[in-house]
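See below for the structure under consideration.
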Number of protein chains: 2
Amino acid sequence: MPPRGRRPVGSSDTRQEILTAAGELFAERGFERTTMRAVAARADVDPALIHHYFVNKEGLLAAALVLPVDPAALLAGLDKDPEHAGEALVGRLLGVWEGDPDARHRMVGLLRVGLSHERAAAGLRDLLGRTILIALSRVVAQDHRSLRAALVGSQMGGLLLGRYVLGIPGVRDATPGQLVVAIGPVLQHYLTGPVGGAVAPATASR
Amino acid sequence: MPPRGRRPVGSSDTRQEILTAAGELFAERGFERTTMRAVAARADVDPALIHHYFVNKEGLLAAALVLPVDPAALLAGLDKDPEHAGEALVGRLLGVWEGDPDARHRMVGLLRVGLSHERAAAGLRDLLGRTILIALSRVVAQDHRSLRAALVGSQMGGLLLGRYVLGIPGVRDATPGQLVVAIGPVLQHYLTGPVGGAVAPATASR
DNA sequence: GTCTATAGACGGATAGAC
DNA sequence: GTCTATCCGTCTATAGAC
């Protein structure tokens, strides 16, 4: 449970207050276990206000689905040293997850919600596609961009899953340094190595 | 929605009927969205019977949490050709997922439930630890076994997530052949390559 | 914009007859 | 072992006063 308590009273931006609370709760509990009442309580507003602003629970979810980190910033400068982009990428991501628990919780929450709810899965897919894929384009090899980006995403998503959600001992107890050494070359491979180009290249690049 | 309808009337093993229905529904909808009533309806039994056999919903979940594939069988013979174990492993797993939709749904369901429910996450962690880790031990390098196994699991979990749950275009539209080419070397690296042994080896092998 | 009150539905769980 | 009946809590959503 990250930073609790009301904001400094000055900012009574109710709508934003609700959105923040909803983001936290969806991340913590998933869609079903998050009640409108709980969101209202955390945001310190009346439950009816949420309906006023977002119509219903799904509207609230849609509005609350945002990436907690800026992918562009995360990937900035990675193309300066393409040989070590893989290592740098794992390192930075782990840096965020280890150093900013709130951001980590939010990203875990995105996964949680995306898995628990059909509509949210679509929303998450679009969100990731519009942000990460585009941001990765600069550092990724020319061919099979979408496949490469997705492979990078799948590995990092799997790590997020194993380390922070399921708590698989092998990856939960590893140090960030170990993970960088182990996973860096893998991302490097996905970014610039051969990724199935020999097989049906026509269907791969869409 | 896999094989519907009652079994051949001969086998009136109610308990098993319930367990099957519960496994399907938990996989399809996650923990919260699965209602006792729905399980009862699908198993064609009275809702009260479920309580009779499994006490409550969590008891039912615990009993329904089983791997749909035998890890030992999946990994059998992989140590015969250690150089290509990575490729073979992705290939076999993709073979199961592509060729056996029911098994795929069940595995996706395990992820879904593990993410949607704290207790289930613990159960899933133990289940994976007791089966996959042990099965992988034979083909994995001697050092950092638990880390290696977890890394393999994280990548395959991430692929499961991206390809079948979220439907990220890059991995959703790739052919199994492409994925084998792209991911095979990665698993190979996790199985036998250097995985952060230089950093704090003492804490790594637990 | 904000809140009170409440409708309306559903789900988990239990008691107890058969 | 199986089923009927039902309690009790909780949730989303809405109507309407202020």
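By convention in this document, chain letters (A, B, ...) are assigned in the order of the sequence lines, proteins followed by strands, and residues within each chain are numbered from 1.
Each of A:Val108, A:Val113, A:Leu115 was scored for a side-chain contact (heavy atoms from CB on, under 4.5 Å) with B:Leu115, with one residue passing: A:Leu115.
For B:Asp44 and D:dT2, the CG to C1' distance is 13 Å, given to the nearest whole Å. Atoms CE (B:Met36) and P (C:dG12) sit 7 Å apart, rounded to a whole Å. Counting to the nearest Å, the C1' atom of D:dC18 and the CG atom of A:Leu49 are 14 Å from each other. Rounded to an integer number of Å, the gap from CG of B:Asp46 to P of C:dT14 is 15 Å. Rounding to whole angstrom units, NE2 of residue B:His52 and P of C:dA15 are separated by 15 Å. At whole-Å resolution of the value, OH in A:Tyr53 and P in C:dC3 are 10 Å apart. In this entry the distance linking NZ of B:Lys57 with P of C:dA13 reads 8 Å, nearest Å. Taking atom CZ on A:Arg33 and atom C1' on C:dG11, their separation rounds to 14 Å, with Å as the unit.
Put simply, the side chain of A:Leu147 does not reach to within 4.5 Å of the side chain of A:Tyr190, judged on heavy atoms.
Counting heavy-atom neighbours within 6.0 Å of B:Glu118 CD, excluding the residue itself, gives a total of 12 or less.
A salt bridge links B:Arg163 and B:Glu98; the closest N-O separation between the charged side-chain nitrogens and carboxylate oxygens is under 4.0 Å.
Contact between the side-chain N/O atoms of A:Thr14 and the OP1/OP2 oxygens of C:dT2 is found at a separation under 4.0 Å.
Set against C:dG12, C:dT4, D:dT14, the side chain of A:His51 has D:dT14 as its closest nucleotide.
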